[in-house]
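Remember, it's 1-based here, ligands and their atoms both numbered in the order they're listed.
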Amino acid sequence: MFSRKALQISPSPTLSINARAKQLQSEGRDIIGFGAGEPDFDTPLHIREAAIDALNQGFTRYTPASGTPELKEAVCQKFFTDNGLHYKPQQIVISNGAKHSLANVFATLLNEGDEVIIPIPYWVSYPELVKLYGGVPVFIDTKKEHGYKLRGPALERALSPRTKALILNSPGNPGGQVYSRDELEELATVALQKNLYIIADEIYEKLIYNGAKHFSIASFGEEIKNQSIIVNGVSKTYAMTGWRIGYTASDEKIAAIMSSIQSHTTSNPNSIAQKAALAALTGPQDCVLEMRQSFDERRNYAFERINKMPFLDCVEPLGAFYLFVRVEDTFPRKFKGETIGNSERLVALLLDHYLVALVPGSGFGAPGFVRFSYATSRENIRSGLERMESFLEELE
Ligand SMILES: *Cc1c(COP(=O)(O)O)cnc(C)c1O
């Protein structure tokens, strides 16, 4: 018999729609995909060159399991410059992507039955990772009038004697929500009172728009810093998803356990990729600004246009590169005589009849929504939105 924990894990809900989109594409159909969970840019040249140099210089052996000292130093410097946070290198663990960092965090914190609070909408992997490490995900719904962000009283209501941690993802995927300083302080107060760990996924830190400001909850004082584990990485900021470098900053004891787990599971993250990440963090940052500007233009364009469409409703996202669109009002409508009913069906109809690929919201805990990624060209966005408009016009 297989592992009970492993059998509890659901396959990624985005996979079946992606498979269908790929199949249609291979049949020569002109699919416009808004499913991407990664930047469409190439990794900036100076970062690629650092990797080539590392390779040519023979930087091809094992490094310390939790990352090279120089990369940890660069990460400490990043936390100081960007977040006003002082960490020592022994508080940093470099991993094979932020997803791996999250896995290390749960492996370190959770005992069988420990509850982890996850605000809705959430990134698809959180509940599955929590379950894999013996935890129990506890979901909290959020409200439109709160910008789909978790508030202190709702957090308090969800607590039990088994609550171990809260996952906080700001800027958020899929919602694009960015927590304000006040909102974070309210949550930090509850976390301190109840001794909760805060797992702060800040992977979209640099992708924020329209004057929004990113705050790291760990920067509000020593106490909350000690209970926070920050997860970040280079994938989204530097268009480096394939390189697989993520990192955590935490209490030294937690870092030591994570590092020991990593030493027995994956050993060090790829040595060349660590050199590339070093170049990303210490090199010129204008590439980040350029990519951010380009995302922002697409965001403005897509947001304005989607908000004018009938039946759709979207709160302005201030971070990441997604629009999370409420599509519930289409459910009672009919397309070619068939009642739409749910977001999976909506997405399937859009794909089959208008060759547009979106991601249904169910995998993010929000079945009344779809996720639209604007990490694709302006031209794709324009024609994809046109197709969506035609589809909506056809609804009865
Ligand atoms: C992409 C993503 C990650 C994982 O990033 P990797 O470093 O590529 O593993 C983590 N959290 C969120 C919210 C993401 O969207």
Side-chain angles (χ1 to χ4, degrees), residues 12-15 18 34-41 43 47 67 71 75 78 92-107 116 118-130 132 137 142 148-150 165-179 198-208 214 216-217 229-249 258 262 265-266 268-270 273-274 276-277 280-281 288 291 295 317-324 359 361 363-366 371-375:
S12 165
T14 58
L15 284 185
N18 273 349
F34 296 117
E38 59 183 339
D40 55 321
F41 304 106
T43 302
I47 299 174
L71 182 53
V75 168
K78 174 239 131 30
I92 307 297
V93 176
I94 314 288
S95 300
N96 299 286
K99 191 182 277 186
H100 181 213
S101 301
L102 285 160
N104 284 336
V105 173
F106 297 126
V116 177
I118 306 179
I120 294 172
Y122 51 77
W123 185 50
V124 287
S125 293
Y126 298 143
E128 306 315 302
L129 281 171
V130 167
L132 192 57
T142 55
Y148 300 111
K149 289 182 271 190
L150 176 64
L166 161 68
I167 303 182
L168 208 55
N169 176 211
S170 178
N173 172 9
Q177 63 279 73
V178 177
Y179 282 71
I198 293 187
I199 302 163
D201 181 344
E202 303 184 349
I203 191 107
Y204 292 101
E205 167 181 28
K206 300 281 179 170
L207 298 177
I208 47 177
H214 170 79
S216 183
I217 195 163
I229 300 147
I230 304 181
V231 176
N232 206 326
V234 296
S235 285
K236 309 291 162 56
T237 304
Y238 299 99
M240 289 179 71
T241 45
W243 298 77
R244 311 308 306 133
I245 297 290
Y247 53 83
T248 52
M258 291 198 291
Q262 190 161 298
T265 49
T266 62
N268 64 275
N270 178 292
Q274 288 192 70
L281 292 175
V288 178
M291 291 190 274
F295 281 135
L318 293 177
F321 37 68
Y322 313 99
L323 299 172
F324 204 49
V359 183
F364 309 101
R371 190 185 75 175
F372 174 104
S373 161
Y374 53 85

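Contact annotation: for S235 versus ligand 1, heavy atoms closer than 4.0 Å belong to the side chain alone.
By the 3.5 Å distance cut-off applied to N or O atoms, N173 is counted among the residues near ligand 1. Polar contact with ligand 1: absent for T241 (N/O pair, distance under 3.5 Å). Distances between N or O atoms of G37 and those of ligand 1 include no value under 3.5 Å.
Which parts of ligand 1 touch N169 is read off a 4.0 Å heavy-atom cut-off, strictly below it: atoms 13 (C). Near Y204, with a cut-off below 4.0 Å to any heavy atom, the atoms of ligand 1 are 13 (C), 14 (C), 15 (O). Every atom of ligand 1 is numbered from 1 in the order shown, and the set under 4.0 Å from a heavy atom of D201 is 10 (C), 11 (N), 12 (C), 13 (C). Against a heavy-atom cut-off of under 4.0 Å, K236 is close to the following atoms of ligand 1: 1 (C), 2 (C), 3 (C), 5 (O), 14 (C), 15 (O).
Take K78 and apply the side chain to side chain contact (heavy atoms under 4.5 Å, CB included) test, not counting sequence neighbours, and it matches D82, N83, E205, N232, Y247, L281.
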- Task: Evaluate the side-chain contact (heavy atoms from CB on, under 4.5 Å) criterion for residues T142 and Q177: first the C-alpha distance (whole Å), next the side-chain angles of each, then the deciding distance (0.1 Å), finally the verdict.
- Result: CA-CA 11 Å; T142 55; Q177 63 279 73; 5.8 Å; no
- May I have the step-by-step check of side-chain contact (heavy atoms from CB on, under 4.5 Å) for K206 and M291, ending in yes or no? CA-CA 10 Å; K206 300 281 179 170; M291 291 190 274; over 6 Å; no
- Message: If you apply the rule side-chain contact (heavy atoms from CB on, under 4.5 Å), what do you find for L102 with Y126, and how did you get there?
- Response: CA-CA 8 Å; L102 285 160; Y126 298 143; 3.8 Å; yes
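K149 places a side-chain N or O within 3.5 Å of a backbone atom of V178 that can act as its donor or acceptor partner.
Using 4.0 Å as the threshold, R244 has a heavy atom nearer than that to some atom of ligand 1. Distances shorter than 4.0 angstrom occur between a heavy atom of G97 and an atom of ligand 1.
Screening F321, Y122, Y322 for a side chain to side chain contact (heavy atoms under 4.5 Å, CB included) with N173, the sole residue that qualifies is Y322. When each of Y148, W123, F364, Y374 is tested with F324 by the rule ring pair (Phe, Tyr, Trp, His ring centres under 6.0 Å), just one qualifies, namely F364.
Remark: minimum distance from atom 7 (O) of ligand 1 to any protein heavy atom is reached at A98 N, 2.6 Å.
A parallel orientation is assigned to the rings of F372 and F34, their planes being inclined by less than 30° (bins at 30° and 60°).
Considering each of Y126, W123, W243, Y247, the one bringing a non-hydrogen atom nearest atom 4 (C) of ligand 1 is W123.
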